[in-house]
Protein chains: 2
Amino acid sequence: MKRRNTQAQTDILNVLKFTDRALSHEQLQAELEAKVDRATIYRVLNRFCEDGLVHKVMDEDGKQHFAYCAGCDKPNNKHQHNHFHFKCRKCGTVECLQHKIHIPLPEGYVITDFNGMIAGYCKRCAEERDV
Amino acid sequence: MKRRNTQAQTDILNVLKFTDRALSHEQLQAELEAKVDRATIYRVLNRFCEDGLVHKVMDEDGKQHFAYCAGCDKPNNKHQHNHFHFKCRKCGTVECLQHKIHIPLPEGYVITDFNGMIAGYCKRCAEERDV
DNA sequence: TTGTTATTGCGACTTAGTTGCAATAATAAG
DNA sequence: CTTATTATTGCAACTAAGTCGCAATAACAA
Ligand SMILES: [Mn+2]
Ligand SMILES: [Mn+2]
Ligand SMILES: [Zn+2]
Ligand SMILES: [Zn+2]
């Protein structure tokens with residue numbers, strides 16, 4: 001199925017490309033100038049995931065977040081996202097932690113995907129709490 | 001708020017205690033002899049989590065799974081669950097991987113919780129696929 | 001310019017989980 | 001044992017995230 005260039009898609013990709021965060025559908029919507037339908041946003045994001053432009057992470061509340069694939073070595077959707085994500089309980093931002101991790105696997109098991117989410121307080125919010 | 005002993009609670013805790021898996025609400029329901037209301041199951045499980053008897057993990061589909069706290073060092077809900085979970089895409093089981101992991105954190109960040117989920121095929125299902 | 005079909009918007013739908021409320025029952029007090 | 005207190009349950013209604021069918025729109029290739 002051949003892909004076409006549309007406004008919605010380029011807008012969405014640009015938002016993701018120019019942030020270092022993983023955004024929920026809601027957060028993404030807020031960053032978009034033009035209003036784009038909810039279903040469309042999800043369809044675009046899922047297409048990006050299939051194409052390996054973007055990766056999806058699940059937060060501890062069961063909400064999906066999407067991040068631009070920056071340092072992803074392999075092309076297409078073949079690359080593994082073996083890094084953790086950090087979600088701040090206060091400001092709600094989800095970020096990709098750059099540190100690559102090694103995933104231990106029992107003998108005979110096969111991995112297809114990985115989702116690692118750390119929850120807590122980011123530096124900024126942690127400092128505010130200390131006060 | 002003082003806790004009371006009820007049938008539903010002991011049944012649910014027993015199911016979790018005698019399996020090495022993390023169960024979704026649905027899987028748990030299926031293991032219960034007596035029928036227990038969906039809302040009650042969730043309420044019981046959340047209470048167990050608060051009390052540190054059980055821990056909750058989110059799978060990559062955004063579905064909650066609950067596992068008995070076996071090797072959890074610290075008491076109450078203060079302990080960290082610094083181990084990965086593995087979900088088989090074929091048979092659907094979620095298991096706690098015993099290997100304790102170290103979670104890398106940027107300077108100044110504070111962790112409160114961790115959710116690590118590996119998806120793939122368990123040994124049994126992987127072997128069937130090879131055939 | 002026109003035809004094909006990928007993409008969009010809208011509304012309806014699904015599924016997981018939560019919540020309000022009245023009924024039930026565990027525990028403590030008398 | 002009897003009664004009072006209130007944690008727990010079941011039910012139904014609700015919420016929120018995400019998906020899907022379908023008709024309208026618009027890329028893009030011919
Ligand atoms: Mn990431
Ligand atoms: Mn576990
Ligand atoms: Zn923060
Ligand atoms: Zn399996």
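Naming convention: chains lettered A, B, ... in sequence-line order (proteins, then strands); numbering from 1 in each chain. These numbers come from a predicted model, not from an experiment.
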Minimum heavy-atom distance A/M58-B/D59, with the two atoms named: CG-O, 3.7 Å
field: Contact boundaries on DNA chain D for chain A, cut-off under 4.0 Å to non-hydrogen atoms
entry: D/dA17 to D/dC28
task: Verify, without hydrogens or angle tests, whether B/Q29 (side chain) and B/K35 (backbone) share a donor-acceptor contact under 3.5 angstrom.
output: no
- prompt: Can you tell me how far C1' of C/dG17 sits from CG of A/D59, to the nearest Å?
  reply: 14 Å
- request: Rounded off to whole Å, could you give me the CG-to-C1' distance for the B/D61 and C/dG17 pair?
  value: 15 Å
- line: Rounded to the nearest 0.5 Å, the CG atom of B/D113 sits from the NZ atom of B/K56 at a distance of 9.5 Å
statement: On DNA chain C, more 5' by nearest nucleotide between B/F66 and A/K2 is A/K2
message: Parallel, tilted or perpendicular: which one describes the rings of A/F84 and A/F114, with boundaries at 30° and 60°?
response: perpendicular
message: Under 4.0 Å, counting only non-hydrogen atoms across every strand here, what does B/N46 touch: a base, just sugar-phosphate, or nothing?
response: sugar-phosphate
task: Flag the pair A/F66 / A/F48 as yes when their ring centroid distance falls below 6.0 Å, and as no otherwise.
output: no
message: Between C1' on C/dA16 and NE2 on B/H65, what's the gap in Å once rounded to a whole number?
response: 11 Å
- request: Would you kindly give the CD-to-P distance between B/E60 and C/dT15, to the nearest whole Å?
  value: 17 Å
query: If you find the nucleotide of DNA chain C closest to B/N5 and the one closest to B/S24, which residue's nucleotide is nearer the 5' end?
result: B/S24
message: Between B/T6 and C/dA25, is there a contact of a side-chain N or O with OP1 or OP2 at under 4.0 Å?
response: no
Between P of C/dA28 and CZ of B/R3, the distance in whole Å: 15 Å
message: With a 4.5 Å cut-off on side-chain heavy atoms, are B/Y42 and B/Q64 touching?
response: yes
- prompt: For C/dG17, does either OP1 or OP2 sit under 4.0 Å from a side-chain N or O belonging to B/Q64?
  reply: yes
message: Tell me the interatomic distance from A/M58, atom CE, to C/dT15, atom P, rounded to whole angstroms.
response: 16 Å
- prompt: Which distance, rounded to the nearest 0.5 Å, do you find between the CZ of A/R38 and the CZ of A/R43?
  reply: 11.0 Å
message: I need the CZ-P distance between A/R4 and C/dG3, as an integer number of Å.
response: 15 Å
statement: A/K63 NZ to C/dT18 P, in whole Å, measures 13 Å
query: Which of residues 30-44 of chain B sit near DNA chain D, with a heavy atom under 4.0 Å from it?
result: B/V36, B/D37, B/R38, B/A39, B/T40, B/R43, B/V44
- request: For residues 4-14 of chain B, pull every pair meeting side chain to side chain donor-acceptor pair (under 3.5 Å), keeping only residues two or more places apart or in separate chains.
  value: B/T6-B/Q9, B/Q7-B/D11, B/Q9-B/R47
field: Carboxylate-amine/guanidinium proximity below 4.0 Å for A/E50 and A/R3
entry: yes
